[in-house]
> 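I have a structure here, written as structure tokens, and I will follow up with some questions on it.
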Amino acid sequence: MAAGLVFGQSPRDANYDESKVGAYRLPNPLLMANGQTVQTAAQWRGQRRPEILRLFNNHMYGKSAPKPDRLDYEVTTRAARALDGAANRREVTIWLTGKKSGPAMRLLLYLPTNAKGPVPVFLGPNFGGNHAINADPGITIAKTWMRPGPGVEASKATAAGRGKEASRWQAEMVTKQGYALATFYYGDVFPDHKDGLADSIIPHFYRPGQTAQEPDDWNAIGAWAWGLSRALDYMEKDKDLDAKRVAVLGHSRLGKTALWAGAQDERFSIVISNDSGEGGAALSRRYFGETIERINTSFPWWFNKNYKGYNQRVDSLPFDQHMLIALVAPRPVYVASAQEDQWADPRGEFLSAKAADPVYRLLGTDGMAAKEMPAIHQPVHSTIGYHIRTGKHDVTAYDWEQFLVFGKKHWGR
Ligand code: GTR
């Protein structure tokens, strides 16, 4: 619990009792603000989808900077054999503001050595720095260009962090199946602490004369999602990668980020959310686990200022998180939950995925095949996919096995 919060006072206690969830009514994703019901795919695309995107921009994640005109990048390590020869490692510096004196992010890529032609990619940001995702001693321990935050960046940029997140990335499993794995340190785009804004990408895009965030401006999650799109910009230039088959994924706060990135940027062909919970896949109106008020109090730098206005009035939000998932339609989307991750409300994650089904069906897909929440370890791989596994809030080999099956099924390779 964040300092200064007292249970039983404000913010509202987390509830873990199904009988106390209470009744709630989800906004209809197919009902437009003007009262008309969406009847056709063209209406969804031309009217309702842009309307919902604007709602998420205005009330929650904020408006992001557009795609920069220039893309400057440099491949710093090429063809370094890694993973006992099964993969090639590549490190790429991508400058984010069109000048090489400015901020950059460093993308780490593993490519299968035996690939014939461009390979599909699994792309996600990481928490611990690129050197954390694999014990491979060749990975640069990148000094981030930012000032270290309170204990955040400084502690991560050391050799002690090597391989610390390896079980969450499964580089061998991914490359053995013929896919590339790509990741970057999320702190390269926005340092994840309360004073991170000043050292983030965001002030670089202030309008002339702007000195502070507007209520509907982007914040950390918007910035991380924007970084994912910049990684994809690079992939469009790399002939070894199939930029038309990039799955964007993330865990927890970065699962929220992956959904938002995939919702906005239709170049992502598959979107995967792992244990993303409140502000990600989970329904906000379902009173279970984390609440809007809790997340906005603990992490005020994640969402825009307007979102704080919903701390006490979730029912007046013009959307719920099923509409974020619906923005991915008709592209395949996968929601993964963990049994012991009650804070993220697994049932709320499933119900949200299920509530996006009418949009997916309207667009001609099979939507979410499961009628009810599936049992543990009974994955569903319809266009909206879902599983719940045993264990804690984490990314495990089981999760990756499902992501790979889902990718293979929907990419047809
Ligand atoms: C928690 C937060 C969750 C989730 C998680 C994480 O403290 O309440 O919403 O994002 O952090 O990102 O690990």
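Counting starts at 1 for both ligands and their atoms, following the listed order.
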> What I want to find out is whether Asp216 reaches Arg54 closely enough, with some N-O distance under 4.0 Å, to be called a salt bridge.
no
> Evaluate His251 for polar contact with ligand 1, using N/O atom pairs at a separation under 3.5 Å.
no
> Which atoms of ligand 1 sit under 4.0 Å from any heavy atom of Lys256?
3 (C), 4 (C), 9 (O), 10 (O)
> In this structure, does ligand 1 have an atom that sits under 4.0 Å from one of the heavy atoms of Arg294?
no
> Should Arg253 be counted as touching ligand 1, given the test is an N or O pair under 3.5 Å?
yes
> Just to be sure I read this right, does ligand 1 sit under 4.0 Å from the backbone of Ile295, its side chain, both, or neither, counting only heavy atoms?
side chain
> Quick check on Arg267: does its CZ atom have over 12 non-hydrogen neighbours (other residues, nucleotides or ligands) under 6.0 Å away?
yes
> Nearest 0.5 Å please: distance from the NZ atom of Lys20 over to the CZ atom of Phe288.
11.5 Å
> To the nearest 0.1 Å, how far is atom 7 (O) of ligand 1 from its closest protein heavy atom, and which atom is that?
Phe299 CZ, 3.4 Å
> I'd like to know if the side chain of Gln321 reaches the main chain of Gly280, judged simply by a donor and an acceptor atom lying under 3.5 Å from each other, with no hydrogens or angles considered.
yes
> Would the distance check show the side chain of Asn306 and the main-chain N or O of His59 forming a donor-acceptor pair, the cut-off being under 3.5 Å?
no
> For the backbone of Lys354 and the side chain of Asp357, can you confirm whether one donor and one acceptor N or O come within less than 3.5 Å of each other?
no
> Between CD of Gln342 and CG of Asn15, what distance do you get to the nearest 0.5 Å?
10.5 Å
> For atom 8 (O) of ligand 1, grab the closest protein heavy atom and report residue, atom and distance to one decimal in Å.
Glu290 OE2, 2.5 Å
> Judging by distance only, is a nitrogen or oxygen of Glu278 under 3.5 angstrom from one on ligand 1?
no
> What protein heavy atom is closest to atom 6 (C) of ligand 1, reported as residue, atom name and distance in Å?
Ser252 OG, 2.4 Å
